[in-house]
Amino acid sequence: MRLATWNINSLKARLPRVEAWLAELEPDVVCLQETKLADAAFPALTFRALGYEAVHHGEGRWNGVAILSRVGLEDPEFGFGGDTAEADPEARLVWATCGGVRVASAYVPNGRSLDDDHYQYKLRWLARLRDLLASTADPSDPVVVAGDFNIAPTDEDVWDPAEFVGATHTSTAERAALAELESWGLTDTFRLRQPEPGLYSWWDYRAGNFHKHKGMRIDLVLGTRPVADRVTFATIDRNARKGQQPSDHAPVIIDIAD
DNA sequence: ATGGTAGCGCTGCTA
């Protein structure tokens, strides 16, 4: 099974590129983030014509997550579940079982700055994800949580860690929240196969950062042991960050042996 | 160099 995650920064703006990319890379399961679409505007028929079932969780203007699958798509769930009082006010998490793997597409809050309420929302959001996994899943089962985590796991995942002192994406609390997910039973599957530093999945649109190799690895495919032990190949598709109207993120792709 | 670009949508927020 080939599984990918890609923050596409508006599916409306990116649909032609996503269609061409599906035909070229032939992923079986795709986790998308930042669709920026309401559910009614999600182009399910376009994906169906390409052989993919899909589930989408969106609010319209911001956020929005989806899963595409050509190996079956069952038991979709949205957000953290529970009643409306506990519902996430933003559309950042969707689940489905695809080809025997319980898959989540996650768009972790950015955090904005360490003194912003949104940063506390980010930390709470990650803790809720950890609690949800602990209460609804088992680390001995095949589970993948893939998406834009807005966290660089280590300093080797950032072009210049000094630029992020006092900022989000590298703070101790964020990395601790990620470590809590790992302590439950998730592994950074890309890092398992690609140990070298300086491999990034996001580059700011501004100041020519992509061409200066000033990026961060913040898009992760986390998998439980049954998944991680079967990962045969991992890559970041930098070509998807080039050319006309790219997203500011590149897809992360994992191949999992049957 | 306290900037820069992209998306949404029409004003400024979000990233």
Side-chain angles (χ1 to χ4, degrees), chain A residues 5-21 30-43 46 56-66 79 88-94 105-126 129 146-153 157-171 173-175 177-178 200-220 236-252:
Chain A
T5 183
W6 193 7
N7 179 324
I8 47 166
N9 186 20
S10 168
L11 184 54
K12 183 180 177 184
R14 218 67 62 208
L15 185 57
R17 283 195 70 129
V18 172
E19 289 184 72
W21 177 84
V30 184
C31 297
L32 299 174
Q33 301 86 39
E34 279 207 87
T35 63
K36 296 185 176 179
L37 293 178
D39 289 332
F42 181 76
T46 299
H56 179 257
H57 180 40
E59 61 199 64
R61 188 171 181 185
W62 289 308
N63 311 309
V65 285
D88 189 346
E90 302 184 354
R92 297 180 172 277
L93 186 65
V94 66
S105 178
Y107 178 41
V108 177
N110 174 287
R112 298 177 192 161
S113 68
L114 300 187
D115 60 357
D116 196 304
D117 287 345
H118 203 254
Y119 179 71
Q120 296 305 320
Y121 170 54
K122 181 180 195 173
L123 296 178
R124 284 197 304 273
W125 199 96
L126 288 160
L129 177 58
D148 176 0
F149 281 76
N150 273 311
I151 301 171
D157 301 307
V158 186
W159 84 91
D160 182 5
E163 293 216 18
F164 285 86
V165 173
T168 59
H169 290 63
T170 66
S171 73
E174 287 164 87
R175 285 174 170 170
L178 182 58
Y200 306 136
S201 66
W202 171 84
W203 303 259
D204 199 307
Y205 282 122
R206 296 169 286 189
N209 276 9
F210 177 70
H211 301 286
K212 297 174 186 170
H213 310 294
K214 295 171 74 168
M216 289 200 284
R217 191 175 69 91
I218 57 177
D219 299 275
L220 309 176
I236 295 173
D237 179 17
R238 289 172 48 90
N239 286 330
R241 183 60 175 77
K242 302 175 183 174
Q244 292 290 310
Q245 283 192 291
S247 170
D248 46 351
H249 295 252
V252 180

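Below, chains carry the letters A, B, ... as their sequence lines are ordered, and counting in each starts from 1.
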Whole-Å distance, A:E34 CD to B:dA6 P, equals 15 Å
A:N9 atom CG is separated from B:dA15 atom C1', nearest whole Å, by 8 Å
Grab the CG-C1' distance between A:D116 and B:dC13 for me, whole Å please.
12 Å
Name the closest nucleotide to the A:A13 side chain, picking from B:dC8, B:dA15, B:dC13.
B:dC8
Take atom CD of A:E163 and atom C1' of B:dG4, then tell me their distance rounded to the nearest Å.
13 Å
Which of the following nucleotides, B:dC8, B:dA15, B:dA6, is nearest to the side chain of A:Y205?
B:dA6
Quickly work out the A:Q33 CD to B:dG7 C1' distance and round it to whole Å.
17 Å
With P as the reference atom in both, quote the distance from B:dA1 to B:dG12 in angstrom, rounded to an integer.
29 Å
Can you list the residues that meet the ring-ring contact (aromatic ring centres under 6.0 Å, His included) rule with A:Y119, with sequence neighbours excluded?
none
Given DNA chain B, 5'-ward residue of the pair A:P109 and A:Q245, judged by closest heavy atom
A:Q245
Could you go step by step and tell me if A:D237 and A:W21 meet the side-chain hydrogen bond (donor to acceptor under 3.5 Å, both in side chains) rule?
CA-CA 10 Å; A:D237 179 17; A:W21 177 84; 3.0 Å; yes
Would you say that A:Q120 contacts A:R124 through its side chain, given a criterion of any heavy-atom pair below 4.5 Å between the two side chains?
yes
Could you give the distance separating B:dG3 and B:dG7 at their P atoms, to the nearest angstrom?
22 Å
Determine all donor-acceptor pairs shorter than 3.5 Å in which one atom belongs to a side chain in residues 58-65 of chain A; sequence neighbours excluded.
residue, atom, partner, partner atom, Å
A:E59, OE1, A:N63, ND2, 3.4
A:E59, OE1, A:A91, N, 2.6
A:E59, OE2, A:N63, ND2, 3.1
A:N63, OD1, A:R92, NH2, 3.1

Quickly work out the A:R61 CZ to B:dC10 P distance and round it to whole Å.
7 Å
Expressed in angstrom and rounded to an integer, what is the separation of A:R92 atom CZ from B:dT14 atom P?
11 Å
Applying a 4.0 Å non-hydrogen cut-off, can you work out what A:F210 is touching in the nucleic acid: base, sugar-phosphate, or nothing?
nothing
Residue-phosphate contact under 4.0 Å: A:R112 side-chain N/O, B:dT14 OP1/OP2
yes
Assign each of A:R206 and A:D148 to its nearest nucleotide of DNA chain B by heavy atoms, then name whichever residue's nucleotide is nearer the 5' end.
A:R206
Are A:R14 and B:dG7 close enough that a side-chain N or O sits under 4.0 Å from OP1 or OP2?
yes
Please state how far atom CG in A:L37 lies from atom C1' in B:dG7, giving the value in whole angstrom units.
12 Å
Going by the side-chain hydrogen bond (donor to acceptor under 3.5 Å, both in side chains) test, name the single residue among A:Q245, A:Q33, A:K36, A:H249 that passes it with A:N9.
A:K36
Does B:dC8 have OP1 or OP2 sitting under 4.0 Å from an N or O in the side chain of A:S10?
yes
